[in-house]
Amino acid sequence: MNTQNNVIIRRMFFASLGTMIFSSISTMLGSLVDGIITSRFLGEGAMASFSVISPIYNINMMLAGILSSGAQVAYSKVIGKGEADRARAVFNICFFVALGLSLILGIFTFFGSDLIGEMFGATGKNAVLLPGASSYLRGLALGFPAVLMVPIVSGFMQIDGDRKRTIIAMSTLTVTDIIADLMNVFVFHGGMFGMAFATSVASYVALLILLLHFLKKNIMLKLSLRGLKGSDLLDIIKNGLPNAISNGGLMVQKLGLNYLLLGIAGAYAVSALGKSYTFYGFVNTVVVGVGGTTMLVAGVYAGEEDREGLRYLQKLSLRFGAIASVILCAIIAVFAPFFVRIFMEDATGEAYSAAVDLFRINAFGLPFLTASIILYMYLQGIRNALLSRLFSFLERVVCILVPAVILGFLFGVRGVWIALPLGEALTLFCILLAACIRRKKAASFQDALLFLPEDFGSKPEDVLSFSMESMPEVMSAADQSREFITEHGGDDRKYMLLPLCIEELAGNIARFGFVDGKKHRIEVKVIYKNGDWIVRIKDDCAAFDQVKWLEAYRPDDPEINIGIRTICGMAKEVRYVSTMQMNVLIINV
């Protein structure tokens, strides 16, 4: 009998989504605020300079993405297996390597700002853009440690059960950056350097708020240099490469389009493109948030080899992403002129009309972009690195730049604009085509879209699932498990111990975890695979490690807590992990 209804997955997904979106905002917020204020108060020339060097953000995002997404995938994988100490080591090596890289990158950018500006296109007839671009790079370089570390640290806050801190940090970053930008424009008159320095200061304030998390007690993550392994770093890089290809590809895309537009139009088109990247970078935090949440949850369920859980997760994220992206598409298409006016007061001339045209046309690519990002970040979560890298490269580079070059030379600036949503549609077509090719070996198209090995997970008939909200349901599940054990040839030891695990451990959760008056859920799986018997118990109550509790409060009377004593004494292994405000007990019987 299978009574699973995936409530835990839904709660994990939606509880993590808001924090993931705020984490994504942290990588784009400084750019958005700087873009708006630069365009409105410093002029179109300053905005063109900002647009030319905007790929520097993608270098930051690329490094942060490699380490953050790679570490989260590796962390989720080992947490899914119950390896808590190794999970902490994965986080720590990510943290300290990121800190070192950010310092090196900041020094190089500060002293090489002119060279970088020229490499990004501020040369030749466009050399007039170099002073502003170089000044902005120097101001941003001073804040590289914080700019790089904020998305990495905030991405782990939800894993460690401190979602509110990310919200507070990102809100503070926003307010601080806006105030500092306005002071730069109206008080200090610091120009482009001041705009970037304001972002740096705001990022340091946000990072400080995030780092205060590590002063708390009873948290999973602790900053420590102990237990760091080079193999974990290699695993992080391997898992994070798809994100590197994505952000590196976006940098190549920006550079390619900037050079193309400078050749066929001029600075006004580059300025319009810069406004679009800034605006859509912020809008796409919803898209990236959905994709990042999918990646994180997929990592947990891939570690458990839960095919059904992954199928439901993919369906849930695609459905939510489709609804959100269609709504955003409609809003932007209708109100494109209003959004452009946020960046510029002058509603006349080719700069304004080009920007409105681009904002409106680009909106129609959002549904395709959302589906593509969800699917290739899901692939990253299940560690299918090859396909994730391939689809990411197609979406960022090939499917955008090739049509842009062709349509740009045929139809001018509007042809380049049309190439953007067309490229997103082509990417999604390639992903679905790959699933169709796999369809011959899969039971259904949805199964093919999971891109899982044929031997992944247990057979459905070898898994018994329960979803419970009360103590009577726990007792009923324990009784029903006995029939499952008998059908699979379990011996007397299994017949006694497996139901006891459900009755005692899930029962403790119901007795102690449900007392806060909130609605909670316990999900139990009994898994039989290759002669092994495993019980997985998940719940969304407050963190509660029953094994450590027994050790800490072990009374002298051996008759007290005899159930959990028996389980710990007879089971091969009992592991507990807490992640994403979810408790997981794994009992290998």
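Formation of a donor-acceptor pair under 3.5 Å by the Asn184 side chain with backbone atoms of Gly190 is found in this model. Although no hydrogens or angles enter the test, the distance criterion places no donor-acceptor pair under 3.5 Å between the side chain of Asp357 and the main chain of Ser353. In this structure, the side chain of Ser135 does not engage the main chain of Gly132 through any donor-acceptor pair within 3.5 Å. Using modelled atom types, one side-chain atom of Thr427 and one backbone atom of Gly423 make a donor-acceptor pair closer than 3.5 Å. Using modelled atom types, no side-chain atom of Thr109 and backbone atom of Gly106 make a donor-acceptor pair closer than 3.5 Å. Formation of a donor-acceptor pair under 3.5 Å by the Asn92 side chain with backbone atoms of Ser224 is found in this model. For Thr174 (side chain) and Met170 (main-chain N/O), a donor-acceptor pair under 3.5 Å exists by modelled atom type. The backbone N or O of Leu210 sits nowhere less than 3.5 Å from a side-chain atom of Arg165 that would complete a donor-acceptor pair. Ser388 places a side-chain N or O within donor-acceptor distance of the main-chain N or O of Tyr376, the cut-off being under 3.5 Å. The closest donor-acceptor contact from the side chain of Ser203 to the backbone of Val150 lies at 3.5 Å or more, if one exists at all.
In this structure, Met192 and Arg138 have side chains that are not in contact, with every pair of non-hydrogen atoms separated by 4.5 Å or more. Within the 4.5 Å cutoff, the side chain of Pro337 has heavy atoms near those of the Arg360 side chain. Two residues are said to be in side-chain contact when any heavy atoms from C-beta on lie closer than 4.5 Å; Arg396 and Ile400 fail this criterion. Side-chain contact between Leu140 and Phe110: absent, with no pair of heavy atoms (C-beta onward) separated by less than 4.5 Å. Residues Thr199 and Leu173 have side chains not in contact (no heavy-atom distance under 4.5 Å, counting atoms from C-beta outward). By the 4.5 Å heavy-atom criterion applied to side chains, Met12 and Tyr301 are counted as neighbours. In this structure, His189 and Val185 have side chains that are not in contact, with every pair of non-hydrogen atoms separated by 4.5 Å or more. Under the 4.5 Å side-chain criterion, counting only non-hydrogen atoms from C-beta, Tyr378 is not in contact with Met295.
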Working note: Ile168 + Ile209, criterion side chain to side chain contact (heavy atoms under 4.5 Å, CB included); need CA distance, chi angles, decisive distance, verdict. CA-CA 8 Å; Ile168 293 171; Ile209 294 171; 4.3 Å; yes

Quick one: do Met195 and Asp181 satisfy side chain to side chain contact (heavy atoms under 4.5 Å, CB included)? Show the steps, please. CA-CA 6 Å; Met195 296 299 297; Asp181 278 345; 3.6 Å; yes

Show the numbers, then the answer: is there a side chain to side chain contact (heavy atoms under 4.5 Å, CB included) between Val287 and Asn284? CA-CA 5 Å; Val287 177; Asn284 287 346; 4.0 Å; yes

Are Phe320 and Leu316 close enough, and set up right, to give a side chain to side chain contact (heavy atoms under 4.5 Å, CB included), and what steps lead you there? CA-CA 6 Å; Phe320 178 84; Leu316 175 67; 5.5 Å; no

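Enclosure of atom CZ in Phe339 by more than 12 non-hydrogen atoms of other residues, nucleotides or ligands within 6.0 angstrom is indicated. Annotation: Phe14, atom CZ; neighbour count of heavy atoms from other residues, nucleotides and ligands within 6.0 Å is above 12. Remark: Lys315 NZ is loosely packed, at most 12 non-hydrogen atoms of other residues, nucleotides or ligands lying under 6.0 Å away. Within 6.0 Å of atom NZ in Lys164, 12 or fewer heavy atoms from other residues, nucleotides or ligands are found, so the atom counts as exposed in its surroundings. Around atom CZ of Phe111, no more than 12 heavy atoms belonging to other residues, nucleotides or ligands sit under 6.0 Å away.
The minimum heavy-atom distance between Ser317 and Val290, with the atom names listed, is O-CG1, 3.9 Å. For Leu228 against Leu225, the heavy-atom pair with the smallest separation is CG-O, 3.3 Å. Nearest heavy-atom pair across Ala324 and Val286 is CB-CG1, 4.3 Å. The shortest non-hydrogen separation linking Ala98 to Met149 is CB-SD, 3.5 Å. In terms of heavy-atom proximity, Ala89 sits nearest to Asp232 at CB-OD2, 4.1 Å. Counting all heavy atoms, side chain and backbone alike, Gln253 lies closest to Leu401 at O-CD2, 3.8 Å.
Here Phe91 contributes atom CZ and Ile152 contributes atom CD1; the two are 9.5 Å apart, rounded to the nearest 0.5 Å. Here Leu369 contributes atom CG and Glu395 contributes atom CD; the two are 5.5 Å apart, rounded to the nearest 0.5 Å. In this structure, CG in Leu428 is found 7.0 Å from CZ in Phe368, a value given to the nearest 0.5 Å. Here the CG atom belonging to Leu42 is positioned 9.0 Å from the CD1 atom belonging to Ile37, to the nearest 0.5 angstrom. To the nearest 0.5 Å, atoms CG (Leu67) and CG (Leu101) are separated by 6.5 Å. To the nearest 0.5 Å, atom OG1 of residue Thr294 and atom CD1 of residue Ile374 are 5.5 Å apart.
Between Phe279 and Phe359, the ring planes are parallel. Angles under 30° get that label, and only those over 60° would be called perpendicular. Ring-plane geometry between Phe197 and Phe193 is classed as parallel, the angle between the planes falling under 30 degrees on a 0 to 90 degree scale with a further cut at 60.
Look at Asp540 and Arg521 and you find no salt bridge, because none of the NZ, NE, NH1 or NH2 atoms lies under 4.0 Å from a carboxylate O.
With hydrogens and angles left out, the side-chain atoms of Asp114 and Ser134 include a donor and acceptor closer than 3.5 Å.
For Phe41 and Phe186, the ring centers sit closer than 6.0 Å to each other. For Phe156 and Phe95, the gap between ring centers reaches or exceeds 6.0 Å.
Residue Asn362 forms a side-chain contact (heavy atoms from CB on, under 4.5 Å) with just one option from Leu420, Leu273, Ile418, Ile332, and that option is Leu420.
Cation-pi check for Lys254 over Tyr277 is met; the charged atom lies under 6.0 angstrom from the ring centroid and within 45 degrees of its normal.
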